[in-house]
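Notes for the one structure printed next.
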Amino acid sequence: MHFVCNGIHPLLRLVVVCASLFNRRGAKHIWVEQSLSFSGSRLQPKVTPSPVSGPAHFHQLAGKCFIHTESTYKYEFCPFHNITQHEQSFRWNAYSGILGIWQEWEMVNNTFTGMWMRDGDACGTRNRETKVIFVCSASSKLAQVSEPSTCVYSLTFETPLVCHPHSLLVYPTLSETLQKEWDEAEQARYEGLITEQGYNNLLKGIFEDAGLLKSEKVKIKLPEVVADSGTHNSLHKCTEDLEKQREEVKRLRSLLTQHNIPFDSEQTHEPKGQTTTTVKEQHPRGDHGLLDQL
Ligand SMILES: *[C@@H]1O[C@H](CO)[C@@H](O)[C@H](O)[C@H]1NC(C)=O
Ligand SMILES: *[C@@H]1O[C@H](CO)[C@@H](O)[C@H](O)[C@H]1NC(C)=O
C-alpha cells in the first residue's frame with residue numbers, strides 16, 4: 001500500500017515524506033518515509049582512492065564498510081576507500097559528506113600508526129581529512145570519532161587484526177629490494193654518513209616506492225626517459241672529466257719531476273684505499289644493527 005516517491009529531484013536527498021490518500025474509510029493519511037541513497041549523485045569524491053597497501057592481513061578489509069553512530073551522526077568507514085558522515089535528521093538539508101578518501105599510511109618507528117583519508121568535502125579553504133587509528137579488539141568495529149582540529153577527524157577502528165605485537169611492522173611488508181635499500185640507509189645513518197633528515201628522506205622515498213605513502217613524484221613516462229638519458233649523459237661526462245683530470249695530474253707530475261720538485265705521490269691513492277677497507281668492515285655491523293631494530 002505504499003506510494004513510491006518517484007519524480008522527486010534526486011538532490012532532495014535524505015528523507016522524503018510523501019503523503020497519500022487512500023482507504024475507503026475516509027481521508028486517512030499514510031506517511032511513507034523513504035531514504036534516498038546518499039552515495040549516488042550527492043557525494044562526489046574529488047580523488048580516486050590509492051591502491052590497497054600495507055600489511056597483507058589488512059587487505060581483507062578492502063570492499064568492507066563499518067558503521068558507527070554517535071550523537072546525531074552516522075559514520076561509515078570503508079577501509080582503502082572512504083569515510084562518509086551522514087547527519088541523522090529529518091531536515092531537508094541534513095548534512096551528508098565525505099570526510100576523506102583513502103590516501104596513505106602514517107608510519108612511526110617502523111610501525112603503521114594510522115590510515116590517512118584525505119581530500120574529503122571542502123571545509124573553508126581546505127578539505128576534510130580523517131586519520132583512522134587501530135585498537136586491538138575481539139571484533140572489527142568503528143568505535144569512536146573526534147575532531148581534534150577543525151575539519152580534521154580522528155576515528156578509532158577496533159579490530160583483532162592489530163592484536164599480534166608484530167602485526168603493524170612496516171619492514172616485513174616491503175619487497176626484498178626495498179628492504180635492502182632500507183638496510184643501506186640504516187647503515188649510512190649508523191655510520192654518520194647521512195643526517196637524520198637525509199635518512200628520513202631516503203625512508204620516505206622507500207615508502208613511496210612501496211605505495212605506502214602517496215608519491216609526489218610525477219608519474220608520467222617522459223620525464224623518466226629524460227632523466228635516464230640525463231644520467232647517462234652526466235655519467236659519460238663524468239668519465240670524460242675524470243680522464244681530463246688524470247691527464248692534468250700526469251702533466252703536472254712530469255712538470256714537477258722536470259723541475260726536480262719533490263711531491264708526495266702516495267697522497268692521491270691513500271684515501272681511496274681507506275674507503276674500501278672501511279666499507280668492508282662496516283657491513284656486518286650495519287646488518288646487525290638492523291636485526292636489533294626488528
Ligand atoms: C565509499 O566506499 C564504498 C565501498 O567501497 C563505495 O561503495 C562507495 O561508493 C564509496 N562512496 C563514495 C562517496 O566514494
Ligand atoms: C621510537 O623507538 C625508539 C627506540 O625504541 C624510542 O626511543 C622512541 O621513543 C620511539 N619513538 C616514537 C615516536 O615512538
Side-chain angles (χ1 to χ4, degrees), residues 5 8-16 33-106 112-135 137 139-147 150-162 168 173 210-215 219:
C5 306
I8 290 176
H9 196 282
L11 286 181
L12 282 181
R13 56 184 180 83
L14 204 57
V15 181
V16 176
E33 288 177 1
Q34 188 190 7
S35 279
L36 294 180
S37 160
F38 305 134
S39 47
S41 55
R42 174 80 167 74
L43 300 179
Q44 285 297 337
K46 288 192 180 70
V47 293
T48 50
S50 295
V52 175
S53 66
H57 63 289
F58 260 66
H59 297 184
Q60 61 183 280
L61 293 175
K64 293 184 181 163
C65 293
F66 301 86
I67 289 173
H68 171 67
T69 306
E70 196 166 301
S71 61
T72 56
Y73 287 102
K74 185 179 97 181
Y75 297 87
E76 187 167 8
F77 168 49
C78 305
F80 301 111
H81 206 141
N82 59 49
I83 290 191
T84 51
Q85 182 190 43
H86 311 278
E87 191 181 353
Q88 305 295 89
S89 152
F90 296 110
R91 288 191 295 117
W92 68 273
N93 60 345
Y95 174 78
S96 194
I98 299 175
L99 301 187
I101 302 290
W102 160 241
Q103 311 256 295
E104 61 184 3
W105 291 93
E106 182 178 274
F112 291 105
T113 52
M115 287 179 104
W116 273 107
M117 323 284 279
R118 303 190 210 269
D119 287 327
D121 287 344
C123 175
T125 56
R126 53 190 297 188
N127 293 326
R128 290 172 208 274
E129 56 181 358
T130 306
K131 180 171 132 179
V132 180
I133 57 171
F134 318 105
V135 171
S137 168
S139 63
S140 285
K141 68 179 202 302
L142 209 50
Q144 223 181 357
V145 182
S146 62
E147 196 177 346
T150 314
C151 301
V152 180
Y153 302 81
S154 174
L155 255 92
T156 304
F157 181 59
E158 296 186 350
T159 175
L161 297 176
V162 302
L168 290 174
T173 69
L212 301 174
L213 288 183
K214 206 166 171 169
S215 177
K219 275 187 181 159

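What you are looking at is a predicted structure, and each value in this text was computed from that prediction instead of being measured. First listed ligand is number 1; within each ligand, the first listed atom is number 1.
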Any donor-acceptor N/O pair, Asn82 side chain to Ile101 backbone, under 3.5 Å: no

Audit row: Thr113, Glu106, side chain to side chain donor-acceptor pair (under 3.5 Å) steps and yes/no: CA-CA 5 Å; Thr113 52; Glu106 182 178 274; 3.1 Å; yes

Ring centre gap for Phe77 and Tyr153 strictly below 6.0 Å: no

Minimum non-hydrogen distance to atom 1 (C) of ligand 1, winning option of Asn82, Ile101, Thr84, Ile83: Asn82

Pick from Asp121, Thr48, Leu43: the one approaching atom 13 (C) of ligand 1 most closely through a non-hydrogen atom: Leu43

Candidate list Phe80, Phe157, Phe134, test ring pair (Phe, Tyr, Trp, His ring centres under 6.0 Å), partner Phe58, passing option: Phe134

Glu147, CD: over 12 other non-hydrogen atoms inside 6.0 angstrom: yes

With a cut-off of 4.0 Å, which atoms of ligand 1 are near a heavy atom of [X]?
| X | value |
| --- | --- |
| Pro45 | 14 (O) |
| Cys78 | 2 (O), 3 (C), 4 (C) |
| Cys65 | 4 (C) |

Residue-ligand contact Gly63/ligand 1, heavy atom below 4.0 Å: no

